[in-house]
Amino acid sequence: MNAQKFMSTSPSTNFQVLLERISLSASERTAALKRAESVCQNLINHPLVQDCFLAGSLARSTAIQTFSDVDIVAVIRNEPNISGNSTLAISAISDLLSRTYVEIQDFDSAVRITFPNGLGVDVVPALPAGNNSSGFETYKIPGEQRAWIDYAPEEQNQQIEQFTKKLGEEFKHAIRLTKWWSRTHGSPIPSYEIEDIASRAAQKWKHIPPLAETLSAFLEEAARIESEKTSDHRHSVVRQASLIAHEALELAARGDTAGSIERWRCLLGEQFPAVIF
């Protein structure tokens, strides 16, 4: 999509209200950062852990209410038994955390700490893996079937910041909206993939279009990427979302604001305001 061809024909105030509802407040972000620092300080005291740092959506200011957790990376020593089986790394981190925290849950890619209030913390074990071809520090993190996958967090951080500098904060706003859609529809696209999709969609943009059009462009790019993969269900969900976004834009372009809002509410849920401002 060419961002320069878009016209603002959608209920922009409704999108701004939704963003206010789903974005973290300054105090919530501060509390989350303090929680991440506390968990890292706890982990770094153990000989197994070499380093610990903030990563993910909170580090890139694309976190959303309700669904985002605090992601931290625990860099561990590359012991022979762990390097061959990522589940052992998950178990080792889980054992360390269980000495301090009560609510611990193991997943394939991280260990989650749940707290009575505020954001939870996902701890991702990682092995040092040198630098990638772009010169960024790379790690191995747990993937599917006990394997390890490459991860370069600083490269992704810089990519998002470069697009934000070029296009403005609206770029991150549209990422949050896309994450909200995904999480309210069973998470067909993981959070980190959404940021990559957004970067691909905006690759040739000189200016960013209004939020509605940007969200539609991100979903269209996601549908294109998913069409090349094997998961029929995932592609179907994403393709349907892209079609609904296009319908909403078309209705707004014809002057049917109420119809457009109904379509956006179908896509983004009841937090999207039903009123016409």
Side-chain angles (χ1 to χ4, degrees), residues 31-63 67-116 118-161 187 189-196 199 229-231:
L33 291 172
K34 287 182 178 179
R35 180 163 287 175
E37 182 180 2
S38 175
V39 174
C40 274
Q41 288 177 344
N42 180 278
L43 285 168
I44 207 70
N45 289 328
H46 297 281
L48 177 67
V49 181
Q50 294 178 312
D51 192 14
C52 186
F53 57 85
L54 181 70
S57 58
L58 191 65
R60 294 186 285 276
S61 299
T62 60
F67 297 114
S68 289
D69 288 302
V70 180
D71 296 320
I72 61 175
V73 174
V75 183
I76 61 177
R77 301 186 187 282
N78 195 349
E79 299 181 357
N81 61 325
I82 288 180
S83 61
N85 186 342
S86 66
T87 58
L88 295 178
I90 294 288
S91 296
I93 292 296
S94 182
D95 287 344
L96 294 181
L97 293 172
S98 65
R99 301 174 190 178
T100 305
Y101 304 101
V102 177
E103 295 291 334
I104 301 292
Q105 189 174 6
D106 295 356
F107 293 92
D108 289 341
S109 59
V111 180
R112 178 167 299 166
I113 311 170
T114 302
F115 297 89
L119 299 181
V121 175
D122 283 350
V123 180
V124 181
L127 298 174
N131 292 350
N132 62 15
S133 58
S134 300
F136 288 96
E137 194 166 9
T138 305
Y139 302 90
K140 298 287 186 180
I141 62 173
E144 297 178 351
Q145 299 179 347
R146 303 181 181 181
W148 294 91
I149 58 175
D150 291 333
Y151 177 54
E154 187 54 31
E155 182 174 28
Q156 192 171 21
N157 291 349
Q158 287 195 24
Q159 183 180 55
I160 295 299
E161 288 309 315
S187 298
I189 307 178
S191 179
Y192 70 90
E193 285 189 25
I194 287 174
E195 295 181 350
D196 184 56
S199 298
K229 298 181 180 180
T230 57
S231 175

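Computation of the quantities below employed the complete heavy-atom set of this structure, encompassing side-chain atoms and omitting hydrogens, waters and symmetry-equivalent molecules.
- Between R99 and N42, every side-chain heavy-atom pair lies at or beyond the 4.5 Å cut-off.
- When all heavy atoms of S134 and E155 are compared, the closest pair comes out as OG-OE2, 3.5 Å.
- Separation of atoms OG1 (T138) and CG (N132) is listed at 4.0 Å; rounding is to 0.5 Å.
- For the salt bridge (Lys or Arg N to Asp or Glu O under 4.0 Å) test, no residue two or more places apart in sequence or in another chain qualifies with D108.
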List the steps and the verdict of side chain to side chain contact (heavy atoms under 4.5 Å, CB included) for V39 and L43. CA-CA 6 Å; V39 174; L43 285 168; 4.1 Å; yes
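- S86 and A147 get closest at one heavy-atom pair: OG-O, 3.2 Å.
- Going from atom CD1 of I113 over to atom CG of D69 covers 10.0 Å, rounded to the nearest 0.5 Å.
- In terms of heavy atoms, S191 sits closest to S57 at OG-CB, 4.4 Å.
- Shortest non-hydrogen contact noted between P128 and Y139 is CA-CD2, 4.0 Å.
- Atoms CD1 and CZ, on I160 and R60 in that order, are 6.5 Å from each other to the nearest 0.5 Å.
- Closest heavy-atom contact between A74 and V123: CB-CG1, 3.9 Å.
- With hydrogens and angles disregarded, no donor-acceptor distance shorter than 3.5 Å links the side chain of S38 to the backbone of K34.
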Run the numbers on I76 and Q50 for side chain to side chain contact (heavy atoms under 4.5 Å, CB included), then give the verdict. CA-CA 5 Å; I76 61 177; Q50 294 178 312; over 6 Å; no
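- In this structure, SG on C40 lies 11.0 Å from CG on N45, to the nearest 0.5 angstrom.
- Under the side-chain contact (heavy atoms from CB on, under 4.5 Å) test applied with I90, the options D95, V124, D106 reduce to a single match, D106.
- Separating the CD atom in E195 from the CG atom in N157 is a distance of 8.5 Å, to the nearest 0.5 Å.
- Proximity of a side-chain donor or acceptor of Q156 to a complementary backbone N or O of Y192 within less than 3.5 Å is detected.
- Qualifying side chain to side chain contact (heavy atoms under 4.5 Å, CB included) partners for V70, counting only residues two or more places apart in sequence or in other chains: A32, A36, L54, L58, I72, L119, V121.
- Annotation: side chain of K140 is not in contact with side chain of I149 (no heavy-atom distance under 4.5 Å).
- To the nearest 0.5 Å, the span separating CD1 on I82 from CH2 on W148 amounts to 7.0 Å.
- Taking each heavy atom of R112 and D122 in turn, the nearest pair found is NE-OD1, 2.7 Å.
- The stretch residues 67-107 participates, sequence neighbours left out, in these ring-ring contact (aromatic ring centres under 6.0 Å, His included) pairs: F67-W180, Y101-F115.
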